[in-house]
Amino acid sequence: MTDLLNPATDVDDGPVPETSRADWTSDQEVRWCPGCGDYSILTALQLLMPELGVRREKTVFISGIGCAARFPYYMNTYGVHTIHGRAPAVATGLAMARPDLDVWVIGGDGDMLSIGGNHLIHALRRNINLNVLLFNNQIYGLTKGQFSPTSQKGKVTKSSPVGLVARPFNPISVALGAEATFVARTHDMDRHHMQDTFRRAHEHEGAAFVEVLQNCNVFNDGVFASITKKDVREDMLIDLQHGKPILFGSEKQYGVARRPEGVVIVDVAEVGIEYVLVHDETIRNPSTAFSLSRLAKTPATPTPIGVFRAIDRGEFASSVSAQIREVQAQVGQGDLGDLLRSQPTWEV
Amino acid sequence: MTDLLNPATDVDDGPVPETSRADWTSDQEVRWCPGCGDYSILTALQLLMPELGVRREKTVFISGIGCAARFPYYMNTYGVHTIHGRAPAVATGLAMARPDLDVWVIGGDGDMLSIGGNHLIHALRRNINLNVLLFNNQIYGLTKGQFSPTSQKGKVTKSSPVGLVARPFNPISVALGAEATFVARTHDMDRHHMQDTFRRAHEHEGAAFVEVLQNCNVFNDGVFASITKKDVREDMLIDLQHGKPILFGSEKQYGVARRPEGVVIVDVAEVGIEYVLVHDETIRNPSTAFSLSRLAKTPATPTPIGVFRAIDRGEFASSVSAQIREVQAQVGQGDLGDLLRSQPTWEV
Amino acid sequence: MTDIAEAPSAPALDEVIIRFAGDSGDGMQLTGDRFTNASAMFGNDLATLPEYPAEIRAPAGTMAGVSAFQVHISDHDITTPGDAADVLVAMNPAALKSDLHTLVPGGTLIVNRDTFEERNLAKAGYDHNPLDDEDLAGYSLIQVPMTSLTKEACAEFGVKPRDADRSKNFFALGLLSWMYSRPIEPTMDWIESKFAGKDLIIAANRAAFNAGHAYGETAELGSQRVIVKAAPLAPGTYTNINGNTALSWGLVAASQLSGLPLYLGSYPITPATDILHELSKHKAFGVTTFQAEDEIAAIGAAIGASYGGSLGVTTTSGPGVALKGEAMGLAISLELPLIVVDIQRGGPSTGLPTKTEAADLLMAMYGRHGESPMPIVAARTPSDCFDMAIEAARIALVHQTPVMFLSDGYLANGSEPWRLPEVDGLPTIEVRYATEFNMVDEDGNGTFWPFLRGEDGNRPIALPGTPELMHRLGGIEKEDGSGNVSYDPDNHEHMVHLRNDRIAAIPVPEAELEEGSEGDADLLVVGWGSTWGAIAGAARRVRVAGGRVDHVHLTHLNPLPANLGDLLRSYQRVLVPELNLGQLVRILRAEYLVDAQPLSKVKGQPFTAGEIQFAITEALDGPAGHKEGVTA
Amino acid sequence: MTDIAEAPSAPALDEVIIRFAGDSGDGMQLTGDRFTNASAMFGNDLATLPEYPAEIRAPAGTMAGVSAFQVHISDHDITTPGDAADVLVAMNPAALKSDLHTLVPGGTLIVNRDTFEERNLAKAGYDHNPLDDEDLAGYSLIQVPMTSLTKEACAEFGVKPRDADRSKNFFALGLLSWMYSRPIEPTMDWIESKFAGKDLIIAANRAAFNAGHAYGETAELGSQRVIVKAAPLAPGTYTNINGNTALSWGLVAASQLSGLPLYLGSYPITPATDILHELSKHKAFGVTTFQAEDEIAAIGAAIGASYGGSLGVTTTSGPGVALKGEAMGLAISLELPLIVVDIQRGGPSTGLPTKTEAADLLMAMYGRHGESPMPIVAARTPSDCFDMAIEAARIALVHQTPVMFLSDGYLANGSEPWRLPEVDGLPTIEVRYATEFNMVDEDGNGTFWPFLRGEDGNRPIALPGTPELMHRLGGIEKEDGSGNVSYDPDNHEHMVHLRNDRIAAIPVPEAELEEGSEGDADLLVVGWGSTWGAIAGAARRVRVAGGRVDHVHLTHLNPLPANLGDLLRSYQRVLVPELNLGQLVRILRAEYLVDAQPLSKVKGQPFTAGEIQFAITEALDGPAGHKEGVTA
Ligand SMILES: Cc1ncc(C[n+]2csc(CCOP(=O)(O)OP(=O)(O)O)c2C)c(N)n1
Ligand SMILES: Cc1ncc(C[n+]2csc(CCOP(=O)(O)OP(=O)(O)O)c2C)c(N)n1
Ligand code: SF4
Ligand code: SF4
Ligand SMILES: [Mg+2]
Ligand SMILES: [Mg+2]
């Protein structure tokens, strides 16, 4: 019998052709509100893809439902706009069946942390080779403005007319609590930072989780403005760089240092540069990364962006197929006739 | 019109009568396998309840499906054996509708971390007043032995005949990543520790999450034996006690200390007692608690038990009803006739 | 009724259908809404059909971005938003292109001429200006430079041209208000209160409105001015209400009438979300709303609240119902009250989220594993959602069962004048709970059996908190009486039949023929849900033309009215119009073995009366009991 | 066929029904299984019915803990595990109490006398020893001290008494093997290989078996010894197979026949979990199994794998199907192949997880929102699960649609001898994928339209990885042809009809009358699923008694066979036995307007042939087309 596992994997397709942004742009009219942050994320990816040295036909975007989840329509790749919350599940099946593909998962904070929260944390735990981009606008956009699991406490929305009672998830903390091997944050106002982050996610073997702070200018305008606007960024965004001390501010006058209760922001001049934490994405213990995720409680205080954690750990889909290969190496390809005779038989 | 919110809350029922274990024991035959760890958890709770000064009729046990989820049948309280994974959701509705009740949620590792994972993390995030006991036996008991999201990598089960590929969740880390305000661990071999922990959970305002290490002697026998057996406990269980240095071992010769990558186990004699971490459940920043949750990767190395975190934060259900009360205080009880006339009307 | 002093002499029309169409950003829903309200206040009968795209804001000026609002006003009792528009207001080329087909031949076409320039024409896919086309000759075309006139009018109040542009819908509203002699005050009052504190906006909108009004007066449109007189409605206080609001208020009313706090567990989904929004506002009534993490948690929480003694409700649309099946089964097994509201939309899958359809009936009947019967009610008009919400609650609470409430996108967003009921006249809902032992155990001690039924077949519900009555419920099969887990074969069979029979035995009103029916016509039209208006309108027209047709409209789909079988069998021909491929008709055929025939429409739109009229006429002409279904 | 040299002269019976009953810890399933296998190897026809409690290990000795295994062996072709047992082996008092009613009057009752002591009697709820009762006088009672004899026999091999106790089921097996002249070798071989390396256990089990065998030989049971000769089965290689194994192998075969890798996304649930277990073992066939976090993730992953070019399958039971409704709708909208397996169990809600029922048919038909039709196939016997799995795959892959496969707990766990098919004779499944442009765009360039259908009405599936054919799919309504999102009313109506029609047009085999039917009998029995054996057995008996009854058994429930309507209409009376309250019968009535009548059983157990025989006889005596259903 033939070897049925992942037939597509072994084909040699020759060198990857050069592409431009236009090659990655589908013929579909983009239907986000004018001014929506989703546009710049789309641009960042369409511009990045040609640099990644991947094939369009080997690239698949899977999304759930929401404004963010419209994303696949606009990429000239394969794509499926599935149902609300289930994109990580569908993508998991695809990535297992087809390890040759580069699978991206796109969804909003409602899609991936509310209805789809469980699929997300399990995909991260399994460490399956997906690039998961969560567009966090702290609101339900497509259904016109209800709070989401990342909306700030007290937020007034259509479904919380006198203010939201519950406290939000911190997507980075959730991901780290779920054993994610790659965890990062970027934002829709900085194309280069997005591209650097997406590139890293793409390169990661296993599940790469990226929170993209995204402005919904219709239902939650400016919610990240106090940290992402050009003129405040230096003071409000803490750009994590592997191997470098964590510094920020116009003169790099602020830094992050360890304290018993976790990491805190310090005045470098006060504590001395030697006490400033040197960022290491690769520590296997996620405690420091977790601690960094707790620095900012609301998008109004200095907030780390960049890669919090990036460690190597067995990728799920390839381990699953490796098991299959191993069994096949031991007992050979299955034979249907033998299978039918694998229980006691008798002749009549 | 009458005040319909939480009518039961205001009743004064007089002093709570004295009860004994028998009063908390239902007339149902217990149907776990002989030797199952669930028995001792049941005993611990039935013995504890009389001490809590609560009424049986004000106590409700809500469970999903699984061996663990049989629990409510055996308590002479109110109880609902719901459907697989949904106990935290049903309990949330009950706790919101009836803040006067003491609501316990019981489930297995499959029930609450596999199919029910999302409901669990959202209940913890919201901080609703539930006592959530997760009986972690690292296996699906009721369906006869498949791996669960807490089964160790490599584990051979009926559904992983050549070994489990994925890495498990650490329930404590998941809970902390989900903003839980009370997080604890105990085990089925130590009744007193269970009782202390359950009591603390009960006293906590908000969602209290307790992982109970539980032996499934039929499908996963002895999986915690190397840390919970009487003769190894001293060396293998790290009993967290608020305000005390974290020490363990027969002579308290080991301790836990901070290191850049997180907390680690140290030889007290080597580092000196002053470097041993003093446990503080009440730090608002969950980083240290998270770090403690990473001490043991498998149940074969020294494992912290006790309360990792216990902080006060607005309880969800009472905040929701407070909002309602506030509106009512401002505008009075709603009047149906007024409601019908709240849009423009005209007379014919 | 407001007086229109200014236009006493305008010729009177008995009804008119006006359609406002423009870009999503043009405020057409608001314009339609305001026109509707003014007409309602004026005393017309009316019906509306808002239609908007699924995108939040599709690219401006494109076909995908067109948003429309159709309103039918009349001096007599009407039942639908009308088959085709008498007047189409097209605010841009895309609106003209997409909606021209809705205008009757010879109808009045009013366009905002300013927008018919190259960029907008291109966005709409025109390679020339259609206003120059011969095609439009068949219509009475009125070209108005709305944008520039609005800007002009606003300029004197210091409104910047860009901001003034946003007020052009008020120009259109002013113009139409003049044409149809609508009262002005309601709109002015509304502008004042809506934009209170934003003086510039108030000024701009007022100026635009007045400019539009004046334009009619001055621009030789005199011949166009008509009046649609007030309808002879029954005396009372009226409000203009849409289905989702009526439904929300009905739930509040049911809570008050039963004395149980209302608990809504919901997850946002179009077109049901407005119910969550509306109920979130009614904290004064002790209403608790819970936006859950997903649809399953939403129903789970509603079950928990219901178990605790609240009136538990969950609201959603088709995709959400498809997720709640297992939890509904639990509520059925527990015999707990619960209302599951399905505001149906176009399917399958994500389908057409903002469009209407009624294709969830069979899912409502059968969409759960095992034998898990559940009562189903359906509303017929927007205001009927109020009454049916109370009815759903009554069934749920009195008979201790989850109840499915079916509405749809058309009812949810469509509106009609509603005569407010007397609050005191609403019947209370009696809910009784167990408070005492109902059994004696082996030792002669009192004990409580949660499934020991009373004469009414109901199990005694003891709320948690009730002293001594502690007991356990669960979804595993239970022994009738004690409620203990039971794997006994005979008990299971007994329980399966019992669950079935107790739902089948719920008393529901007899099926009654609608007004105008004679009882012995040549054809019976059987409807359910939002098709009521179109069927009623069609039946009237057929009768006027001399056809003999009767109409029965089902509000209770499970159980069905006891007399329905006999009624159906008394007709030679039975036609069942549905916004699906024929769902009720399958139930009727299976239940009564009558050769009822489907009339199907699945375009994301309600039936027009004309479509049903045509099918009725065809059926009257055809042989009795014919075999093939018809498709509108 | 194995030769039984030792008992040539024993009197021959044509069939016997044996029931092993004991505590869950007594190994009754294993005992039954071994007896069955030996009988199969010997050449009998047979059918089995395992029955076990929902608890993993209910308290030892209680009624709740009783586990039983019934096996019917015969020298001729049989179809059911038998109506009542000829022999009941009761290993303890609880087993006697719970299962005595299954024994025919005058039947042989074999008890393990050692267990009838105070503690066990009390646990079973006896206040005295029933072995002393008069009631048992009507049976042929054989009291054997199995426990002590086993211990004795084991002692010489150094087995401790406590361990020896565990082997007492082998004593029972030895005794029964002697009584029914079963071959010894298969059991001995099995013991050797099963416990390889555990010499003491092998010794104990062998000793126990031999002691039981010897007991029969020596203990004056001579008169009891009979033989059930081999059945005249068609020549071939046979194996004894249960439904879940057959289903698993059928899926593996479908994978091989289609050349697509098999991908199973599943979440454990009784009684479907064994399929996950079984397929997890077949990595040699390139089978990927994925135990997902829940049922929705399981089907989601299967859809993803199917989209990637695998044969995507998800397996579950009723509660799981109730959760998968929304995702099935997605697969329907995407027009992707998928198999959804429902191993039905007792419902509603958690219901009776380990018991059988067939009450998910209407959910399979209608349990999704919107118009979302899906083919349904159902297996009729355990081995038929193999063929129907291939058939389900054929429909899914050739017609690009999710397919529901219905089995039930009885088929899943029950077993029968199965003549192995010739692997080379199995028909391949042709799957074609798009690899080239199928359209030219405005600029004259080649492009790909994912919904531009070929002559077969199928859309072209281009797998990701196919150069140039990049495209996007989604659950929003799409334009036929281009596949672009479309809110166009006419397109939606077209697509709704198209999705419906393409499923309705799937060719399925004509309905054929079962063997023994004459084509013009007085009554037609219509069955589906696991009722086949009981109906076939009942029909035979009725015919033997001179009644005229025909039987048709549906394997395809959607679409139904084209000739079914005519067939039904050609009978005066139609009876539809179902393990539900009447689900297929509703479909038949709605579809064909025939007065088919339900015969319902919902006890968590399969029909016996006797129950159906009784109903047939009643129906034959009653008036044609009578109105009321019957309940078994
Ligand atoms: C099963 C189901 N439930 C609910 C919805 C309605 N719905 C569509 S998108 C959405 C949430 C959108 O929020 P988010 O995921 O944050 O995406 P955004 O629009 O903000 O990008 C919801 C609730 C749906 N389509 N399907
Ligand atoms: C919707 C649904 N899916 C699956 C099942 C089958 N099921 C019952 S319990 C269980 C898991 C049991 O494991 P766990 O929650 O860890 O509890 P334990 O038995 O180990 O205590 C499963 C998969 C079910 N009853 N319902
Ligand atoms: S609603 Fe918000 S998130 Fe959605 S497209 Fe508009 S701006 Fe973007
Ligand atoms: S299967 Fe395991 S968890 Fe379940 S009752 Fe038995 S021992 Fe306990
Ligand atoms: Mg969002
Ligand atoms: Mg478990």
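Small disclaimer: the values here were computed from a predicted structure and weren't measured. Just so we're on the same page: letters track the sequence lines, and every chain starts at 1. No hydrogens, no waters, no symmetry mates; every other heavy atom, side chains included, goes into these values.
Of the possible polar contacts, one joining the D:Thr354 side chain to the D:Tyr52 backbone as a donor-acceptor pair under 3.5 Å is found. Under the 3.5 Å distance criterion, the side-chain polar atoms of C:Lys478 are matched with a main-chain donor or acceptor of C:Ser333. Between the side chain of D:Gln583 and the main chain of D:Ala359, a donor-acceptor pair closer than 3.5 Å is present. In this structure a side-chain-to-backbone donor-acceptor pair under 3.5 Å is missing from D:Ser67 to D:Ser24. Using a distance-only test at 3.5 Å, with no hydrogens or angles considered, a donor-acceptor pair links the side chain of D:Ser600 to the main chain of D:Asn580. No donor-acceptor pair under 3.5 Å is formed between the side chain of C:Asp490 and the backbone N or O of D:Lys603. Looking only at distances, no side-chain donor or acceptor of C:Arg589 sits under 3.5 Å from a matching main-chain atom of D:Leu593.
Considering only heavy-atom pairs separated by less than 4.5 Å from chain C, the leading option among D:Met495, D:Met365, D:Glu477 is D:Glu477. Contact tally against chain D (heavy-atom pairs below 4.5 Å) for C:Leu352, C:Asp360, C:Val594, C:Leu323: the top residue is C:Leu352. Among the candidates D:Leu581, D:Asp342, D:Asn500, the residue making the largest number of heavy-atom pairs closer than 4.5 Å to chain C is D:Leu581. With chain D as partner, the option from C:Met328, C:Gln344, C:Arg368 having the largest number of non-hydrogen pairs under 4.5 angstrom is C:Arg368. Interface summary for chain D: among C:Gly474, C:Ser349, C:Gly329, the most heavy-atom pairs under 4.5 angstrom belong to C:Ser349. Here D:Gly318 is the residue among D:Gly318, D:Ala64, D:Ala327, D:Ala331 with the most heavy-atom pairs under 4.5 Å with chain C. Of the residues considered (C:Ala358, C:Pro319, C:Gly347), C:Pro319 shows the highest number of contacts with chain D, using heavy-atom pairs under 4.5 Å. Ranking C:Gly604, C:Gly325, C:Ala596, C:Gly475 against chain D, the residue ahead of the rest is C:Gly475, based on heavy-atom pairs under 4.5 Å. Heavy-atom pairs under 4.5 Å with chain C were tallied for D:Ala322, D:Ser98, D:Gly367; the largest tally goes to D:Ala322. For the options D:Ser317, D:Pro348, D:Pro353, heavy-atom pairs under 4.5 Å to chain C are most numerous at D:Pro348.
Atoms CD and OH, on D:Glu295 and D:Tyr267 in that order, are 6.5 Å from each other to the nearest 0.5 Å. Atom-to-atom distance recorded for D:Phe607:CZ and D:Lys601:NZ is 7.0 Å, nearest 0.5 angstrom. Put simply, CD1 on D:Ile332 and CD1 on D:Ile503 are 7.5 Å apart, with the number rounded to the nearest 0.5 Å.
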Does the pair C:Asn491 and C:Asp480 meet the rule for a side chain to side chain contact (heavy atoms under 4.5 Å, CB included), with working shown?
-> CA-CA 7 Å; C:Asn491 175 71; C:Asp480 201 17; 4.1 Å; yes
Walk me through it: do D:Asn484 and D:Arg472 pass the test side chain to side chain contact (heavy atoms under 4.5 Å, CB included)?
-> CA-CA 8 Å; D:Asn484 290 340; D:Arg472 276 65 51 191; over 6 Å; no
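Heavy atoms closer than 4.5 Å to chain D are found in both the backbone and the side chain of C:Glu371. Contact annotation for D:Ser486: only backbone heavy atoms (N, CA, C, O) come within less than 4.5 Å of a heavy atom of chain C. Both the backbone and the side chain of D:Glu326 come within contact range of chain C, each with at least one heavy atom under 4.5 Å from a heavy atom of that chain. Residue D:Val585: no heavy atom, backbone or side chain, is found under 4.5 Å from chain C. For D:Val496, the parts sitting under 4.5 Å from any heavy atom of chain C are the backbone and the side chain alike. Both the backbone and the side chain of D:Arg586 come within contact range of chain C, each with at least one heavy atom under 4.5 Å from a heavy atom of that chain. Contacts between D:Arg499 and chain C at a heavy-atom distance below 4.5 Å involve the side chain alone, from C-beta outward. D:Glu591 touches chain C through backbone and side chain together, each having a heavy atom under 4.5 Å away. Only the side chain of D:Gln605 comes within less than 4.5 Å of a heavy atom in chain C; its backbone stays farther off. In this structure, the portion of D:Ile296 lying under 4.5 Å from any heavy atom of chain C is its side chain and not its backbone.
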